[in-house]
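One structure is given below, encoded as structure tokens.
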There are 2 protein chains.
Amino acid sequence: MNALNPPGSPDEHTDGHPDEHTDGHPDGHTDGHPDGTTPRTPSQERGRRRRATLLNAAVALLTEGGFKAVTHRAVAQRAHLPLAATTYYFASRDQLLAEAFAQLVETELATTRAWITRHGLPALTDQVATADRARQLGLWELYVHAGRDPVLQHIARRWTDGCVRLIAETLGRPENDPRVRLLYTTVSTLWLEHVVEQRPLDEARALLGLALTQATAGRTP
Amino acid sequence: MNALNPPGSPDEHTDGHPDEHTDGHPDGHTDGHPDGTTPRTPSQERGRRRRATLLNAAVALLTEGGFKAVTHRAVAQRAHLPLAATTYYFASRDQLLAEAFAQLVETELATTRAWITRHGLPALTDQVATADRARQLGLWELYVHAGRDPVLQHIARRWTDGCVRLIAETLGRPENDPRVRLLYTTVSTLWLEHVVEQRPLDEARALLGLALTQATAGRTP
DNA sequence: CGAAAAGTGGTACGGGTGTCCTGATTTTAC
DNA sequence: GTAAAATCAGGACACCCGTACCACTTTTCG
């Protein structure tokens with residue numbers, strides 16, 4: 001669950017049993033140097049900061065150019081760290097991407113939650129309009145890429161589940177309520193369409209309004 | 001409009017004015033050798049077949065590995081043609097990808113139309129279940145990638161518009177009817193979710209049913 | 001028929017990548 | 001204090017890529 005920790009949080013996995021934590025970890029975060037070559041989350045504060053810097057660089061590059069732009073050299077350069085740091089702290093490019101994806105998902109969910117808390121669900125199209133489009137594209141690119149990668153797939157499901165949970169809470173409904181899920185389908189497509197196709201948002205606003213009307217059946221959210 | 005022609009269809013662009021067809025062509029199809037270096041659709045039948053073979057190879061690779069797998073060498077090898085053929089018949093990798101995307105979109109739209117004609121809209125989840133998932137992934141990957149590429153973006157819009165048209169025709173409604181577009185949002189998300197996340201389709205079927213009920217307001221499709 | 005245009009295909013250029021190697025330095029543990 | 005472990009960073013390995021170059025062959029056209 002380390003990928004869920006904010007950068008800089010204490011690491012619980014430095015207890016000398018690294019091997020137990022590298023099997024089937026769904027979010028791609030791997031700890032431990034079983035033979036001195038597999039990276040771990042560092043025990044020293046300095047190393048932890050360097051690792052986080054690399055990860056943030058990866059997210060930035062993901063935003064700017066999609067996952068193709070996340071190469072070891074680009075990440076190292078963006079983080080002003082030597083190339084070897086990338087392989088010291090991350091087992092592979094795939095791990096780097098997975099952790100970047102996980103971070104992006106959590107960040108976007110938190111941002112969206114805050115916006116809805118403040119402005120309400122009907123204003124979600126306004127958040128989509130003002131949010132960093134390139135970052136959204138990075139997220140969606142990895143979302144689709146997750147279809148070919150079981151590790152990323154778990155993270156993708158977390159994105160969907162997080163969005164559904166958000167809507168459920170806002171509507172005061174259980175997450176498995178079909179109306180919640182139906183509303184999510186509309187929100188998801190409108191979001192993706194805006195990010196990819198850059199269509200005007202007038203129609204999206206109207207559709208969101210209609211979908212909300214149907215989901216709440218006359219109750220004002 | 002050559003990208004809309006089936007492979008092997010007669011080419012109308014060999015009339016000696018190739019330069020007029022290379023500006024702002026939204027689907028990335030370029031004709032003409034203005035200085036002997038820019039590819040055109042060949043005038044000879046053999047060349048046309050070779051070009052089509054390369055394009056089909058690109059689509060196959062897109063299916064198997066996503067757009068990252070569509071390299072000149074992989075395409076040439078898959079098509080059993082020399083590497084130089086790829087640059088002879090296509091101006092760039094981008095053009096190859098654009099045409100592969102366009103072809104994939106048209107194929108999928110046609111396949112979906114045939115299915116709906118035969119089985120009806122409520123059975124759309126069954127088509128999603130039985131269709132080649134990897135091919136769908138290829139399509140969606142390029143769809144999202146289109147967010148960063150104006151040429152592909154036009155093709156992505158064609159995908160969306162084609163789906164909306166399909167639903168509108170099935171419901172006997174105009175394409176700008178909000179209920180048509182709302183139903184499309186649900187269908188789109190359920191499709192993407194299945195392809196990416198591989199969730200069970202039971203819930204998708206139920207949601208599609210609910211969405212159809214709301215879209216038709218008691219009228220049986 | 002001959003020249004020009006189109007087609008063919010092997011090769012190379014200049015660039016890039018993920019990963020690994022290894023010696024030096026710093027930190028930790030006994 | 002010393003040895004082991006962790007950290008650090010420069011460099012290299014093996015591979016890959018898109019694109020361009022160029023000589024040769026085939027087809028077209030005047």
Protein-nucleotide distance (R93(B), atom CZ; dG16(C), atom P), rounded to Å: 16 Å
Length of the line joining F90(A):CZ and dC20(C):P, which is rounded to integer Å: 16 Å
Return the polar atom pairs (N/O with N/O) between nucleotides 9-11 of chain C and the protein under 3.5 Å, or none.
unit_1 : atom_1 : unit_2 : atom_2 : d
dG9(C) : OP2    : R50(B) : NH1    : 3.1
dG9(C) : OP2    : R50(B) : NH2    : 2.8

Whole-Å gap separating P (dG18(C)) and CG (L54(A)): 13 Å
Rounded interatomic separation in angstrom, taking NZ from K68(A) and C1' from dC17(D): 12 Å
Distance below 4.0 Å between T71(A) side-chain N/O and dT17(C) OP1 or OP2: yes
Interatomic distance, R73(A) CZ vs dC20(C) P [rounded to whole Å]: 13 Å
Stepwise side chain to side chain donor-acceptor pair (under 3.5 Å) test for Q103(A) and N56(A): CA-CA 9 Å; Q103(A) 181 170 315; N56(A) 290 331; 2.9 Å; yes
Closest to the Y89(A) side chain, choosing from dG7(C), dT19(D), dC8(D): dC8(D)
Below 4.0 Å: OP1/OP2 of dC17(D) and any side-chain N or O of H72(B): no
Basic-acidic side-chain contact under 4.0 Å: R157(A), E193(B): no
Summary of protein contacts for nucleotides 23-30 of chain D, nucleotide by nucleotide, where a base hit scores B, a sugar-phosphate-only hit scores S (4.0 Å, heavy atoms): ----S---
Passing candidate, salt bridge (charged side-chain N to carboxylate O under 4.0 Å, His left out) with R113(A), options E169(A), E108(A), E106(A): E169(A)
With sequence neighbours excluded, residues passing side chain to side chain donor-acceptor pair (under 3.5 Å) with D161(A): R199(B)
Q77(B) CD - dC16(D) P separation (whole Å): 10 Å
Aromatic plane relationship, W140(A) with Y143(A) - under 30° parallel, 30 to 60° tilted, over 60° perpendicular: perpendicular
N/O (side chain, Y88(B)) to phosphate O (OP1/OP2, dT8(C)) under 4.0 Å: no
Side-chain touch F101(A)/V105(A), heavy atoms, less than 4.5 angstrom: yes
Audit row: Q136(B), W191(B), side chain to side chain contact (heavy atoms under 4.5 Å, CB included) steps and yes/no: CA-CA 9 Å; Q136(B) 312 280 329; W191(B) 194 324; 2.6 Å; yes
Interatomic distance, R49(A) CZ vs dT7(D) P [rounded to whole Å]: 14 Å
Pair T186(B)-T185(A), side-chain donor/acceptor within less than 3.5 Å: yes
Lys/Arg cation over aromatic F90(A): R51(A), 6.0 Å, 45° cone: yes
Distance, rounded to the nearest Å, where L97(A) contributes CG and dT17(C) contributes C1': 13 Å
